[in-house]
There are 2 protein chains.
Amino acid sequence: MGEGTYKRMEGTLTGQSSDDSVRIVLLGSGNVATHLAKVLAPNIVQIWSRNPRHAETLAHDIGAEAVENINDITLEADLYLISVSDDAIIPLAMQLKGRKGIWAHTSGSIPATALDGVGDAHGVFYPLQTFSRDVDVDMAQVPVFIEASTPEAAGKLKKTAAIFTSHIYDADSDRRRRLHIAAVFACNFANYMWLKADTLLHDEGLDIRVFAPLIEATLTKAMTTGPRDGQTGPARRGDRSVIASHESMLQGDDREIYSLLSDSILKYFNK
Amino acid sequence: MGEGTYKRMEGTLTGQSSDDSVRIVLLGSGNVATHLAKVLAPNIVQIWSRNPRHAETLAHDIGAEAVENINDITLEADLYLISVSDDAIIPLAMQLKGRKGIWAHTSGSIPATALDGVGDAHGVFYPLQTFSRDVDVDMAQVPVFIEASTPEAAGKLKKTAAIFTSHIYDADSDRRRRLHIAAVFACNFANYMWLKADTLLHDEGLDIRVFAPLIEATLTKAMTTGPRDGQTGPARRGDRSVIASHESMLQGDDREIYSLLSDSILKYFNK
């Protein structure tokens with residue numbers, strides 16, 4: 001899967017393995033923290049959260065210690081994973097100046113330097129996935145993007161990711177930003193196309209679910225032969241009369257989006 | 001799943017049931033014809049194709065008779081399903097004037113009237129799915145859209161669809177055109193967003209597969225809680241500084257598409 005993959009030695013696809021050399025303190029109890037806690041359970045020694053009850057519940061679930069006071073966080077851990085909301089990272093970092101160990105946050109959009117001065121080294125441990133508390137995620141398939149201020153910290157973060165996934169990549173802040181743009185196209189904009197379709201279908205007494213098999217087949221094709229080969233439709237075929245007929249039936253944003261994307265596809269495929 | 005669903009009496013999710021009262025001649029041997037032949041096998045008495053060898057192979061596979069000469073097609077069938085390419089439907093209809101029985105084609109974009117004068121009644125039997133010869137399709141999940149010139153023909157077409165699916169809807173030519181527009185958004189344009197993401201990822205030594213879990217989670221959410229609730233990203237949050245930073249990193253079509261879709265999402269969610 002491209003360059004930058006960190007090769008793992010053992011298979012841990014079940015997420016049940018651990019690496020005894022990494023003792024982790026988890027800061028946070030939200031969606032990302034909860035999913036990470038489950039796969040990193042054997043390595044997590046303490047959990048702290050702004051909400052002590054959440055920390056207690058999560059710590060109880062995975063057999064770790066809950067910490068209510070931030071000053072009671074152990075100094076003996078190898079890795080401190082900050083998995084709180086983007087807005088809360090910098091205020092939290094302020095409270096943590098001058099600690100020991102490796103400190104990393106799990107955000108895709110905050111620079112690693114937000115944790116400068118907190119520990120001996122700092123970094124980012126960014127699992128690229130959308131997490132909902134009640135939806136199971138196959139963490140073995142989740143890619144993790146790593147950035148660190150020292151090679152030792154990078155190694156520790158990669159070891160930690162390797163506990164649950166083999167899809168591990170290096171990504172500095174600039175690369176994370178470019179990945180984020182690509183993710184906006186792949187997920188936010190693709191979802192918006194489904195929202196547009198859903199709205200059009202509602203006029204017909206239907207909804208997007210009627211397209212589920214079609215979308216799933218399109219996605220499977222995109223993931224196997226690639227989205228270039230998977231591209232179909234009037235613009236891909238260069239069928240300008242169908243495009244014009246569709247445009248005449250659309251209004252406002254729908255029409256503007258239809259025209260811009262059709263033009264772009266026509267150009268892309270030299271039609 | 002919306003109005004217009006034709007309620008089935010028995011469960012035939014395996015596609016192994018049949019309806020003794022429908023004897024079908026299949027005209028065509030392409031991707032759609034092949035997938036239909038498999039689920040309608042017990043009901044198919046003859047298969048004709050422009051390519052006699054293809055007709056023979058397919059007929060052999062499902063235990064039907066292959067017909068080489070179009071004049072040898074039986075007059076005794078209830079339903080004649082024309083599953084050839086869009087371009088070939090009208091020329092074929094010319095050769096078939098004055099027959100008996102119900103004649104229907106499987107195209108989403110050709111009007112039912114293309115078969116006017118061919119049989120006693122005519123119609124459309126449109127399975128909404130993208131078919132590849134070698135990719136298995138769960139036909140029980142495929143929606144079929146029906147149009148017919150008589151109520152009896154509509155009934156026969158619905159009975160036929162009910163052999164393999166419970167997702168059966170009425171759709172005249174106008175409705176099929178509107179469904180097609182929605183499908184262009186849901187599939188062609190969504191795939192184009194993946195193509196854009198894939199291109200951006202290639203610059204990073206990655207490809208779209210790194211987003212597979214993220215896209216699948218987004219799709220699952222869109223199909224369960226709906227794509228309105230599933231919408232995330234900078235535009236959904238109204239985060240104009242991230243949008244501006246992304247725009248400054250994009251060029252040409254990518255930038256134009258990013259801006260138009262972000263503006264549209266901002267407007268849609270009153271951000």
Side-chain angles (χ1 to χ4, degrees), chain A residues 1-4 128-130 138 141-143 175 178-179 181-198 200-201 204-215 217-219 222-223 226-228 230-234 236 246 249-250 253 256-257 260-261 264-265, chain B residues 1-4 128-130 138 141-143 175 178-179 181-198 200-201 204-215 217-219 222-223 226-228 230-234 236 246 249-250 253 256-257 260-261 264-265:
Chain A
M1 290 227 20
E3 295 158 43
L128 183 76
Q129 175 59 296
T130 170
D138 180 1
Q141 298 305 318
V142 171
R175 193 172 192 219
R178 289 195 297 266
L179 284 168
I181 296 178
V184 167
F185 277 95
C187 296
N188 303 153
F189 290 168
N191 182 77
Y192 195 55
M193 297 301 107
W194 300 330
L195 180 49
K196 286 284 164 204
D198 192 50
L200 294 165
L201 287 168
E204 304 299 318
L206 298 168
D207 69 42
I208 191 72
R209 287 172 297 172
V210 80
F211 285 162
L214 194 57
I215 296 173
T218 308
L219 180 57
M223 291 300 158
R228 195 180 197 288
Q231 190 65 52
T232 60
R236 172 66 186 90
H246 284 177
M249 292 174 74
L250 292 168
D253 275 20
E256 240 187 297
I257 292 167
L260 179 64
L261 293 181
S264 183
I265 296 170
Chain B
M1 287 225 21
E3 293 158 44
L128 183 77
Q129 175 57 297
T130 171
D138 180 0
Q141 298 305 319
V142 172
R175 194 174 190 216
R178 290 196 294 266
L179 284 168
I181 296 177
V184 167
F185 278 95
C187 296
N188 303 152
F189 290 168
N191 182 77
Y192 195 55
M193 297 301 106
W194 300 331
L195 179 49
K196 287 283 163 206
D198 192 49
L200 294 164
L201 287 168
E204 304 299 318
L206 299 168
D207 69 43
I208 190 72
R209 287 172 297 172
V210 80
F211 285 163
L214 194 56
I215 296 173
T218 308
L219 180 57
M223 290 300 159
R228 194 182 197 288
Q231 190 66 53
T232 59
R236 172 66 186 92
H246 285 178
M249 292 174 77
L250 292 168
D253 275 20
E256 242 186 295
I257 293 167
L260 179 63
L261 293 180
S264 183
I265 296 170

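Each chain gets a letter, A, B and so on, in the order its sequence line appears, and its residues count up from 1. Computed from a predicted model, the values in this text were never measured in an experiment.
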- prompt: Arg178(A), Met193(A), Arg236(A): which one forms the most heavy-atom pairs within less than 4.5 Å of chain B?
  reply: Met193(A)
field: Leading residue by heavy atom contact count with chain A [cutoff under 4.5 Å; candidates Val142(B), Leu260(B), Leu201(B)]
entry: Leu260(B)
- request: Output the option from Met249(A), Glu256(A), Gln231(A) having the highest count of non-hydrogen pairs under 4.5 Å with chain B.
  value: Gln231(A)
field: Per-residue contact mode, Pro143(A) against chain B (heavy atom under 4.5 angstrom)
entry: side chain
Toward chain B, the part of Leu219(A) with a non-hydrogen atom under 4.5 Å: both
- prompt: Does a side-chain heavy-atom distance below 4.5 Å link Cys187(B) with Thr232(A)?
  reply: no
task: Please tell me if the side chains of Leu128(B) and Leu179(B) come closer than 4.5 Å, counting only heavy atoms from C-beta onward.
output: no
Asn191(A) to Gly230(B) - nearest heavy-atom pair and separation: ND2-C, 3.7 Å
message: Which atoms of Asp198(A) are under 4.5 Å from chain B, going by heavy atoms: the side chain, the backbone, both sets, or neither?
response: side chain
- request: Could you tell me whether the side chains of Ser264(B) and Asp253(A) share a donor-acceptor contact shorter than 3.5 Å?
  value: yes
message: When you compare the side chain of Leu261(B) with that of Phe185(A), does any pair of heavy atoms fall below 4.5 Å?
response: no
query: Going by the salt bridge (Lys or Arg N to Asp or Glu O under 4.0 Å) test, which pairs reach into residues 182-197 of chain A, not counting sequence neighbours?
result: Lys196(A)-Asp254(A)
query: Top residue by heavy-atom pair count (under 4.5 Å) with chain B, among Ile257(A), Leu250(A), Leu214(A)?
result: Leu214(A)
